[in-house]
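See below for the structure under consideration.
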There are 2 protein chains.
Amino acid sequence: MAVNYQETDAGQLLPIGGIGIFVGQAGVKKPQHDDLTLITLDKGCTVGAVFTQNRFCAAPVRVCKAHLAQAEHIRALVVNTGNANAGTGEEGYARAVEVCGAAAKRAGCQTNEVLPFSTGVILEPLPAGKIAAALPKAKEADWTAAARAIMTTDTIPKAASRAGQVGGSHTVRATGIAKGSGMIHPNMATMLGFIATDAKISQPVLQLLTQETADMSFNCISVDGDTSTNDSFVIIATGKCGQQEIDNIADPRYGQLKELLGGLALELAQAIVRDGEGAGKFVTIEVANAQSRDEAKQIAYALARSPLVKTAFSASDPNLGRLLAAAGYAGVPFDENKLKMWLGDVLVAENGGRAAGYTEEAGQRIMDEAEITVRIDLQRGRESATVYTCDLTHEYVRINAEYRS
Amino acid sequence: MAVNYQETDAGQLLPIGGIGIFVGQAGVKKPQHDDLTLITLDKGCTVGAVFTQNRFCAAPVRVCKAHLAQAEHIRALVVNTGNANAGTGEEGYARAVEVCGAAAKRAGCQTNEVLPFSTGVILEPLPAGKIAAALPKAKEADWTAAARAIMTTDTIPKAASRAGQVGGSHTVRATGIAKGSGMIHPNMATMLGFIATDAKISQPVLQLLTQETADMSFNCISVDGDTSTNDSFVIIATGKCGQQEIDNIADPRYGQLKELLGGLALELAQAIVRDGEGAGKFVTIEVANAQSRDEAKQIAYALARSPLVKTAFSASDPNLGRLLAAAGYAGVPFDENKLKMWLGDVLVAENGGRAAGYTEEAGQRIMDEAEITVRIDLQRGRESATVYTCDLTHEYVRINAEYRS
């Protein structure tokens, strides 16, 4: 079902020195099914992390924040699917800590050196005992197995690697995995994303890099406009590449590393949209020449959220008035007579109406494609933003009506 | 398909003195089909009107605003379906004026004493000539016929009447019609609403009354979160009831009239949601004890717009974490431990998690109903808001994927 996305071959995923991967079966929701992942970090790694902005942030997110504040080093990440441990109050917090305790035993570290992550149904108690019991039995695995074990409604595991020169002679490697296909909207999606790199980078600089990387990848996607309670994105830097530490953003290697990790994160983020629940099309929305990046994003997201726009894509119907209408209600006071809109390479709208040369056939030709780019030029500034989304299909409704059954 | 809504009997719709109604067939999109409505106003009527906030406001909306500013009295309203005359630039404006000219001839008034309204597909040129040719042939009709002639994807015509005491001995009558079932979100929906009353009220006071009435009715509904280019709501006061004019809001009759017209407008607005595209359920979302009405509305609309919440209603699935998650990402900094949420009479959430006494069976019992009320108490202020919405179904996707074919 995913739009132009296939599983990455295991052979293409680079192991990252200093990282251990283990996968297990806790039977949280389904038996005989890998639903538990443990990632261990050698001593000396640094970790950056960003989390959901949802007021109902899940218990594991709150525990992550506490442990990141308390512990000098993070030594393990533990991830379960099948239950989000969200909307579970103080009892939920205690259960997330219980899982950290069991993971710490397995990893040989302190409880507060573990970061927990959960994804799945909300408002139900986490079976922490099952997870704790399964952790000692978790088996050593590779990135492919981890990418599979963190899936929920995903149809394809999402993983990618990059290797590149950072600071002249040194090759830096990075491998990432992600999951998510519904409840996907920026800040952030029901998504988990984990990237490990062997670069060496100080904790505060890595934290900034993590935020910047999220802003250009996972915070530019929308499947259904719903922001989850559990979204988390983590970058682990193991320092095993043998370089000197990057300890400030003026270091030219910072920009090189950001480009490397940004490309990787964007590939994973786009994979989430390509595998969006029920997605039949992959849609890129570019808004150019806005007064600020925020207002460009605001318009791009109005299109990306609009059920009418998304059903038009689903039907391959060049009902382009819906796109203009969505831009118009985004809340940005642009001059509608200056706005230009293209569908692919076809100029659709200008001077407040349909472009003179536009034909239904030209619009139809673009709408028939599986990957569609909409470009809007506001002609009111110099800032721009790009957002990635998918169409709204019968399949989306079916998946989400039947999710718990 | 509509949820607990049936066509109002013609006999229950009160004629309003001073108003003439005519219906015709212009063949804008389909032949042999009433798609044209002319409402004439005797001399001495006052008119209040509110319009879409969309930047791409349609040509007829721009003409309405110009005519309301220019003309001393409005003498006719002309409405076509099948084409929205939106995203049509200056040519679209000229065509809307051309239609006004033809309507003025039929009504015996000046062109700028006519308000035009269009609803239908966006970005296509309005066949103004067809409409102009059909106007002389339009036949005298009643409110029922007008309610039918303004329908697009509506499955049921929407009309209602009220009569009540305003100012002691006087009975005031009001009759309204409305259309709209998709692209429905406040400020306003793809909706047209027209109410005529025989009350006598000065133009500036009627304009305020129209805004207040819209705020408590048409601006409290959402079908799909899309705000259209053409939304318009008009109140006509003919003054034929024989009362002295209401010329300030301190007049106790202002409040009485507001209650009468507000109830009528809310019935019409709710009818739009009940007949929302593909709607299988009618959902009321009440948010209480917020710091402001705006933040209460913000949370209510986050639920009303969420595809995950709407598909859960569609499936009668008490997947209530989705409701909490939507409240959480609405952007209001409430204390999640203080929030309480009820589904019908069942307490679902408190203290940051599922309520102790909640059972799946109790939730299921409410979710199985066709009319569902969600109540959220924020415990952070004294303001509240109520929003009406429907579920998101396969049928919605089908209707909107096939709309133009």
Side-chain angles (χ1 to χ4, degrees), chain A residues 52-57 84 86-92 121-124 182-183 185 187 224-229 305-308 311-312 314-315 317 319-322 324-330 332-334 336-337 349 351-354 392-394 396-398 400-405, chain B residues 52-57 84 86-92 121-124 182-183 185 187 224-229 305-308 311-312 314-315 317 319-322 324-330 332-334 336-337 349 351-354 392-394 396-398 400-405:
Chain A
T52 181
Q53 304 290 313
N54 197 306
R55 294 299 298 174
F56 275 98
C57 81
T88 48
E90 287 318 302
E91 177 65 22
V121 71
I122 305 177
L123 266 188
E124 291 183 12
M183 214 188 250
H185 198 69
N187 297 315
D224 52 17
D226 274 277
T227 304
S228 118
T229 50
R305 287 184 74 145
S306 160
L308 287 172
T311 47
S314 162
D317 178 6
N319 191 342
L320 303 170
R322 292 179 178 177
L324 289 184
Y329 67 66
V332 176
F334 61 80
E336 70 275 23
N337 293 309
N351 302 322
R354 192 158 67 178
L392 172 61
T393 62
H394 285 286
Y396 177 89
V397 176
R398 193 192 59 73
N400 282 297
E402 295 171 7
Y403 178 55
R404 300 201 315 168
S405 56
Chain B
T52 181
Q53 304 291 313
N54 197 307
R55 292 299 298 174
F56 275 96
C57 81
T88 48
E90 287 317 302
E91 176 66 22
V121 71
I122 305 178
L123 267 190
E124 291 184 10
M183 213 186 251
H185 199 67
N187 295 317
D224 52 18
D226 273 277
T227 304
S228 118
T229 51
R305 286 184 74 145
S306 160
L308 287 172
T311 47
S314 163
D317 178 7
N319 192 342
L320 303 169
R322 292 179 178 178
L324 289 183
Y329 67 66
V332 175
F334 61 80
E336 71 275 22
N337 293 310
N351 303 321
R354 194 159 66 179
L392 171 60
T393 62
H394 285 286
Y396 177 87
V397 176
R398 193 192 61 72
N400 282 296
E402 294 172 7
Y403 178 54
R404 299 202 315 167
S405 56

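No hydrogens, no waters, no symmetry mates; every other heavy atom, side chains included, goes into these values. Every chain is numbered from 1 and lettered A, B, ... according to where its sequence line falls, protein lines coming before strand lines. Computed from a predicted structure; not experimentally measured.
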Study note, to complete from the structure: Ranked by heavy-atom pairs below 4.5 Å to chain B, first place among Pro333(A), Ala330(A), Ala349(A), Ala327(A) goes to Pro333(A)

Review point. Okay, side chain of Arg354(A), backbone of Glu124(B): is any donor-acceptor separation there less than 3.5 Å?
Key: no

Study note, to complete from the structure: Rounded to the nearest 0.5 Å, the CG atom of Asn351(B) sits from the CD atom of Glu91(A) at a distance of 13.0 Å

Revision key, fill the gap. When every non-hydrogen atom of Leu324(A) is compared with those of Phe56(B), the smallest separation belongs to O-CD1, 3.3 Å

Review point. Nearest heavy-atom pair of Ala325(B) and Ile122(A): which atoms, and what distance?
Key: CB-CD1, 4.2 Å

Practice item. For the pair Arg55(B) and Phe334(A), evaluate side-chain contact (heavy atoms from CB on, under 4.5 Å) and give the outcome as yes or no after the intermediate values. Key: CA-CA 7 Å; Arg55(B) 292 299 298 174; Phe334(A) 61 80; 3.8 Å; yes

**Study point:** Heavy-atom pairs under 4.5 Å with chain A, option from Gly328(B), Gly353(B), Ala312(B) with the top count
**Key:** Gly328(B)

